[in-house]
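Lettering of chains follows the sequences in order, A, B, ..., and the numbering in each one begins at 1.
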Amino acid sequence: MDTEVLSSYLPLYVEAFFLTLKIGWLGIFLSFVLGVASAFIIHFKIPVLSAVFGAYVEIFRNTPLLIQLFFIYFGLPKAGISLSAELCGIIGLGLLGGSYMSEAIRSGLDAVSSAQTESALALGMKKTEVFTLVVFPEALTLSVPAIVANVIFLLKETSVFSAISLMDLMFTAKDLIGLYYDTTEALVLLVMFYMVMLLPVSFVGSVVEKKAGAGMFGE
Amino acid sequence: MEEILSVKNIRKSYGDITVLDDVSLNVSTGEVVVIVGPSGCGKSTFLRCLNGLEEIQEGQVILDGKVIDTEKDDLFSIRERIGMVFQSYELFPHLSVMQNLLLAPVKVKKRNKKEAEAQAQELLERVGLLSKKDSFPRQLSGGQKQRVAIIRALMMHPEILLLDEITAALDPEMVREVLEVVLDLAKEGRTMIIVTHELAFARAVADRMIFIDGGKIVEEGTPEEFFDDPKTDRLKRFLHSFLYED
Amino acid sequence: MGFEVLLKGSNLIRLLEGLAVALKISLISVAISIVLGTILGVIMSMDNKVIKGITRVYLEIVRIMPQLVLLFIVYFGATKVMGINISAEASSVIVFSFWGIAEMSDLVRGALKGIPAIQYESGIALGLSPVQTNIYVIIPQVIRRLIPLSINLITRMIKTTSLIMMIGIVEVLKVGQQIIEANRNSSPNAAFGVFLTIFVLYFIACWPISRFSKYLERKWET
């Protein structure tokens with residue numbers, strides 16, 4: 001391995017790293033918002049909307065992100081909707097992640113027993129208070145392991161952004177391999193940066209999971 | 001004694017199955033009414049009809065002279081006045097003991113936090129759980145959880161307390177610590193309607209006993225007449241099922 | 001909207017053949033994953049410290065490394081470092097199996113751990129031998145938990161195989177690109193129709209499988 005090559009590649013990777021992080025976390029933020037809204041709508045069986053969001057969840061859970069991105073980035077402009085590659089990445093990841101987050105949060109909501117709702121009602125809470133003060137926080141903590149798994153999954157999924165010519169980590173690696181054939185160096189840096197991106201999340205995730213997961217409060 | 005709650009001819013059914021059939025009951029302030037009956041007789045459903053957790057098809061529930069209309073009235077303000085404790089405790093697992101006690105008074109009733117906290121401390125002290133105020137529900141034993149659930153209901157200053165088989169899920173050695181709290185509340189003159197299977201406790205705490213079977217009140221009376229001189233065959237058979245000799 | 005190109009010549013057939021390439025690779029990988037993953041899962045549940053340490057590192061690598069990165073390492077890296085030339089198809093099967101075995105072994109370990117010890121003890125208490133207890137009591141329960149989850153692994157595998165175009169395998173997405181390119185003048189909007197069709201094809205391939213897995217999960221819920 002050539003350290004000179006490594007250090008000359010490094011700045012390129014750092015730049016790509018921050019782009020990947022930016023798009024990744026913005027997409028995850030979007031997916032969380034979308035997931036909460038969708039879980040809420042489906043759980044409470046809000047007419048019409050719950051059918052729409054139900055279909056959305058099924059469609060995006062059962063198709064690969066790569067295809068979703070191709071359609072959004074290359075297909076939609078032909079129908080008059082042109083978005084920048086970055087925006088496509090964020091929206092694509094957000095839509096994919098939203099469908100996963102929705103399932104995670106919904107199963108949390110389902111797991112909160114109806115007796116919890118009743119005892120909150122018996123204390124004189126209004127329906128909205130029962131939801132915001134009791135059911136939702138409980139459901140969210142029950143969903144923590146699934147949410148953490150989704151965050152890791154989504155950060156990994158960012159690797160396909162290169163397909164819509166975003167200059168992310170994969171793109172940089174592929175580009176350098178194609179240009180200079182310093183395959184080993186390019187791959188080592190690729191792995192390193194993905195480790196920097198995901199190891200802390202994986203670590204923090206398992207700590208949070210232990211604290212909040214499976215209703216293990218107060219340990 | 002002043003009458004606080006009056007139930008007139010209520011009927012409750014799920015589809016074709018009638019759970020409560022023409023049940024009436026009057027409760028005076030400070031009275032402790034204990035309801036017993038075989039499993040599935042409708043006694044728990046009866047409690048749940050009183051605070052609107054279940055809708056009734058016919059009849060009236062009158063609280064303090066005012067008919068409760070589940071359609072029009074804001075049920076949540078009625079539920080503040082009628083507290084309820086459940087068999088499965090139903091503490092909120094994501095909140096500490098203190099947070100469980102403060103949630104409804106502070107977040108919902110917007111009471112002063114200091115004042116509510118002081119009341120919570122006092123109640124915790126009274127049931128011997130002050131040291132557990134920062135614990136989470138899963139760190140408590142069943143008996144401790146149920147004592148917290150009882151004082152959580154008391155935090156709302158309810159005029160009536162409904163206790164739904166609160167010892168049924170407890171290990172035998174924990175039953176006593178919970179029932180002692182209830183006896184204590186009875187002594188200070190709290191109005192309570194209690195559904196239980198603990199007949200010895202029922203006898204000790206009740207001002208009046210009620211036997212429900214098949215969705216109807218079959219017999220009622222003072223604890224003495226009820227246990228020592230039951231009138232109906234059905235109550236005799238029910239009481240007999242708790243004895244081992246024949 | 002560009003759907004007309006699909007009706008031209010054998011374009012639709014070619015697209016389906018492309019999908020078949022992806023499906024073939026995913027099914028081979030799933031088969032390998034289920035067999036080897038089950039074996040590994042059983043080994044992992046034996047509570048050996050050394051095995052635990054090694055498998056933990058393995059699972060963590062799979063947990064945090066994108067499959068595409070692994071694909072690059074095997075496809076580009078192996079050639080460079082070891083001087084062996086691994087075909088794109090073989091690289092895909094290696095990487096997806098590497099990933100699938102980890103997933104499967106974790107599912108198997110979880111399912112084994114999830115059976116309460118009292119089930120085993122009550123089998124013994126009824127006079128069954130340990131082997132009989134396993135055959136009649138434990139394994140049927142484990143299988144019931146595992147089947148829906150392994151079926152679910154199939155849909156995830158199919159979705160993941162969309163990545164193989166990135167190392168140059170001509171599969172459905174690549175065929176789609178070729179069709180769009182070839183008809184650039186006659187159907188300038190082909191990208192919409194073709195990519196939407198591929199989108200739908202993937203959905204048709206995965207959705208029934210994931211429904212089936214959900215159905216089994218509900219049916220066997222204990």
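- If you take OG on A:S162 and CZ on C:F72, they are separated by 6.0 Å, rounding to the nearest 0.5 Å.
- Rounded to the nearest 0.5 angstrom, C:C206 SG and A:E58 CD are separated by 11.5 Å.
- In terms of heavy-atom pairs under 4.5 angstrom with chain C, the leader among A:V201, A:L190, A:I59 is A:I59.
- The part of A:L187 that comes within reach of chain C is its side chain, from C-beta onward, which places non-hydrogen atoms under 4.5 angstrom from that chain.
- By a heavy-atom distance cut of under 4.5 Å, A:Y194, A:M195, A:L198, A:L199 are the residues of residues 192-200 of chain A near chain C, going up by number.
- Ring pair A:F60/C:F199 is perpendicular by interplanar angle, where above 60° counts as perpendicular and below 30° as parallel.
- Atoms NZ and CZ, on A:K156 and C:R63 in that order, are 9.0 Å from each other to the nearest 0.5 Å.
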task: Evaluate side-chain contact (heavy atoms from CB on, under 4.5 Å) for A:N62 paired with C:Y202, printing each intermediate quantity in order.
output: CA-CA 7 Å; A:N62 285 294; C:Y202 262 100; over 6 Å; no
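- Neither the backbone nor the side chain of A:E157 comes within contact range of chain C; no heavy atoms are under 4.5 Å apart.
- With a threshold of 4.5 angstrom between heavy atoms, A:I152 approaches chain C through side-chain atoms but not through N, CA, C or O.
- Taking the six-membered ring where the residue is Trp, C:F195 and A:F70 present perpendicular rings, their angle passing 60° and hence far from 30°.
- Judged by distance alone, the side chains of C:S210 and A:R61 never bring a donor and an acceptor atom under 3.5 Å apart.
- For the set A:T158, A:I177, A:L65, the entry with the most heavy-atom pairs within less than 4.5 Å of chain C is A:I177.
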